[in-house]
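Note sheet for the following structure.
To find a chain, count down the sequence lines: A is the first, B the second, and so on, and within it residues start at 1. Bear in mind that the values here come from a model prediction, so they are computed numbers and not experimental data.
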Amino acid sequence: MSETAMAGGPRRLQIWRGDLTGGELVDYELETEPGMVVLDAVLEIQRSQAPDLAVRWNCKAAKCGSCSAEVNGRPRLMCKTRLDHLPADQPITVEPMRAFPPIRDLVTDVSWNYRVNKQITPFTARENLKPGVEINEKGEFLIDQADTDRMSEFRKCIECFMCQDVCHILRDHRMHNRYYGPRFMMRMASLDMHPLDGVDRLDQIADEGGIGLCNITKCCTEVCPEGIHITDNAIIPMKERIVDQRHDPLLKLLGRTPNKGRRKPPPRTETPEL
Amino acid sequence: MTTVATPPRRFGATMRRDRWWVQPVLVVTSLTLFGVYTIIHAIVSKYYAITAGGAHLQSPMFSPDLPGIIQFHTSLPWAFLVLWAPLGLRSTCYYYRKSYYRSFFLAPPSCAVAGVARRKYTGETKFPLVLNNMHRVFFYFAVIVIGFLWYDAIRGLFYHGSFGIGVGNAIMFINVFCLSAFTFGCNSWRHLIGGKLNCFSCTPTAQTRHSAWKKVSILNGHHMQWAWISMFTVWGTDVYIWLVSSGAFSDPHHVF
């Protein structure tokens, strides 16, 4: 990394400009300050050179998940990517997420994710909760710290959808109508692991959710800005639960079925199209 | 440069600037060499045990020692009768799956790099890749093999019934230790030991399993490292035993 980059200085950005019908990378030169992030540079270009440049952002603190884009070909939060961490001798490319249709410039239509989310039955308490142990007299749920620790990792998700963007099933194979994607595998895992939840979601995870399409290449884990171990702690455990239910000859012989006593979720519609 | 922000794209298309192809090349090279070496030695079926001077150091690729234990004798390469379990464990292991899907299947070769175009992608839902769901079955058998490997390592400490120790013994113990760390850090074991429970606190048994799950999770966090280390220790142990038993050099050891 050169001293020039550490100290700011002139940089060249190539920003994708266009919409659903197509677009191109447009060159912009700007003078940068030390410590600037990609979002700072993009906003400076918008202020001084291209007022019609569309970019979605909000918190600038890597907590809202709005400014997801592809910087030098990798999904990143623009507000968390420092210019001095990128090669100084090459232009910086900034493109919209490829897994979703571009609306304009760096803004993509991620509404498919919200439609998928609606397919998932929210937390629904079991009917036979033990009074004083699992529910108190005020109707509040009681849960042990040991049981919340595992699920709290998944609650760090800021829904930047970069895991969805990098997943080759959605990105390259465009199978949005067959696979929910890592973000929603993780949501379903957190519900399935919940000790007080009363819904058996395994069929949905395997069938409509399409977990069998995941070939665990771990790209979702690599790009997660919150460092969530999506593959190891959500997808693989769910794959193992599907094995319990459908593939383990020993468990079949012993008559052990997972999620015994949980009720089936209400019927779902087909996985939404993109 | 005009681009369309939506795929499909040709194989290898990416805006990444780093050397993303290095890892797939290394994986293909290592796994191919290991696979070819293993098949060749299994077919050769010679020089798999050091027996000079009352020693009995058995190659991990030829364990359990069927000819020695159950007097199973054949002119065919019998090692395949025992190799299927550990090789099956590795080929269905979640870490190795990631490696070979990326490196051999190019699906995708690296993150945010376009993979090979396929008419219809089916992931692990159709034969033969759906068989990867049998990972835990291979795990059950691999645990038996690990038991034999510990037996081999301990048996190797006795030369004509007297306790001794040498370089070969050290290699055997390092190998079985690494193999155990790989096997018991497996995602299937992590699931079976406690991951499958929804409530870790409900019963004393569940609390014990939660404690075991946390320990296995630590090991599982380094599963990739153990996968590679143990592959190379198996390879190295076999090469050492092959060289010593073929007379290339002798195994330095001391009998007490």
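The shortest non-hydrogen separation linking B/M134 to A/P249 is CE-CD, 4.2 Å. A pairwise comparison of heavy atoms in B/G195 and A/R150 identifies O-NH1, 2.9 Å as the closest pair. Contact between B/S110 and A/C219 at its shortest, heavy atoms only, is C-SG, 4.5 Å. In this structure, A/D172 and B/V113 approach most closely via the heavy-atom pair OD2-O, 4.0 Å. Of all heavy-atom pairs spanning B/T125 and A/G212, the tightest one is CG2-C, 3.5 Å.
Most heavy-atom pairs under 4.5 Å with chain B: of the set A/H194, A/M151, A/K239, this distinction falls to A/K239. Each of B/G115, B/S99, B/C199, B/G123 has some count of heavy-atom pairs under 4.5 Å with chain A, and the biggest count is that of B/C199. Between chain B and the options A/I216, A/D192, A/D149, the largest number of non-hydrogen pairs under 4.5 Å is found for A/I216. When the candidates A/V243, A/D244, A/D232, A/D144 are compared by the number of heavy-atom contacts under 4.5 Å with chain B, A/D244 comes out ahead. The most heavy-atom pairs under 4.5 Å with chain B, out of A/V223, A/N72, A/I242, come from A/N72.
Between A/N215 and B/R102, every side-chain heavy-atom pair lies at or beyond the 4.5 Å cut-off. At a threshold of 4.5 Å between non-hydrogen side-chain atoms, the residues A/I92 and B/R17 do not count as touching. Residues B/R136 and A/L251 have side chains in contact (heavy-atom distance under 4.5 Å, counting atoms from C-beta outward). Residues B/M15 and A/E95 have side chains in contact (heavy-atom distance under 4.5 Å, counting atoms from C-beta outward).
For the atom pair B/C111 SG and A/D165 CG, the distance stands at 11.0 Å (nearest 0.5 Å). To the nearest 0.5 angstrom, A/L250 atom CG is 9.0 Å from B/L192 atom CG. The structure places NE2 of A/H229 at 10.0 Å from CG of B/N220, a figure rounded to the nearest 0.5 Å. Note that CG of B/L131 is 9.5 Å distant from NE2 of A/H247, once rounded to the nearest 0.5 Å.
Salt bridge annotation for A/E240-B/R190: absent, with no cationic side-chain nitrogen under 4.0 angstrom from a carboxylate oxygen.
Of the possible polar contacts, one joining the A/D147 side chain to the B/F200 backbone as a donor-acceptor pair under 3.5 Å is found.
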- Run the numbers on B/Y101 and A/H168 for side-chain contact (heavy atoms from CB on, under 4.5 Å), then give the verdict. CA-CA 12 Å; B/Y101 284 134; A/H168 71 115; over 6 Å; no

- Task: Might you work through the side-chain hydrogen bond (donor to acceptor under 3.5 Å, both in side chains) test for B/N198 and A/R241, ending with a clear yes or no?
- Result: CA-CA 11 Å; B/N198 290 333; A/R241 288 178 184 217; 2.7 Å; yes

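Contacts of B/Y95 with chain A are absent, with no heavy-atom separation under 4.5 Å from either backbone or side chain. Only the backbone of A/C214 comes within less than 4.5 Å of a heavy atom of chain B; no side-chain atom from C-beta onward does. Neither the backbone nor the side chain of A/P87 comes within contact range of chain B, judged by heavy atoms closer than 4.5 Å. No part of A/I143 comes within reach of chain B, as not one of its non-hydrogen atoms sits under 4.5 angstrom from that chain. Only the backbone of B/L197 comes within contact range of chain A, judged by heavy atoms closer than 4.5 Å. Neither the backbone nor the side chain of B/N132 comes within contact range of chain A; no heavy atoms are under 4.5 Å apart. Neither the backbone nor the side chain of A/R256 comes within contact range of chain B, judged by heavy atoms closer than 4.5 Å.
Between B/Y121 and A/H173, the two ring planes are parallel [angle under 30°; tilted spans 30° to 60°].
For the pair A/R74 and B/W20, the NZ or CZ position fails the cation-pi test of under 6.0 Å to the six-membered ring centre and within 45 degrees of the ring normal.
When the shell of 6.0 Å around CZ of A/R178 is examined, it contains 12 or fewer heavy atoms from other residues, nucleotides or ligands.
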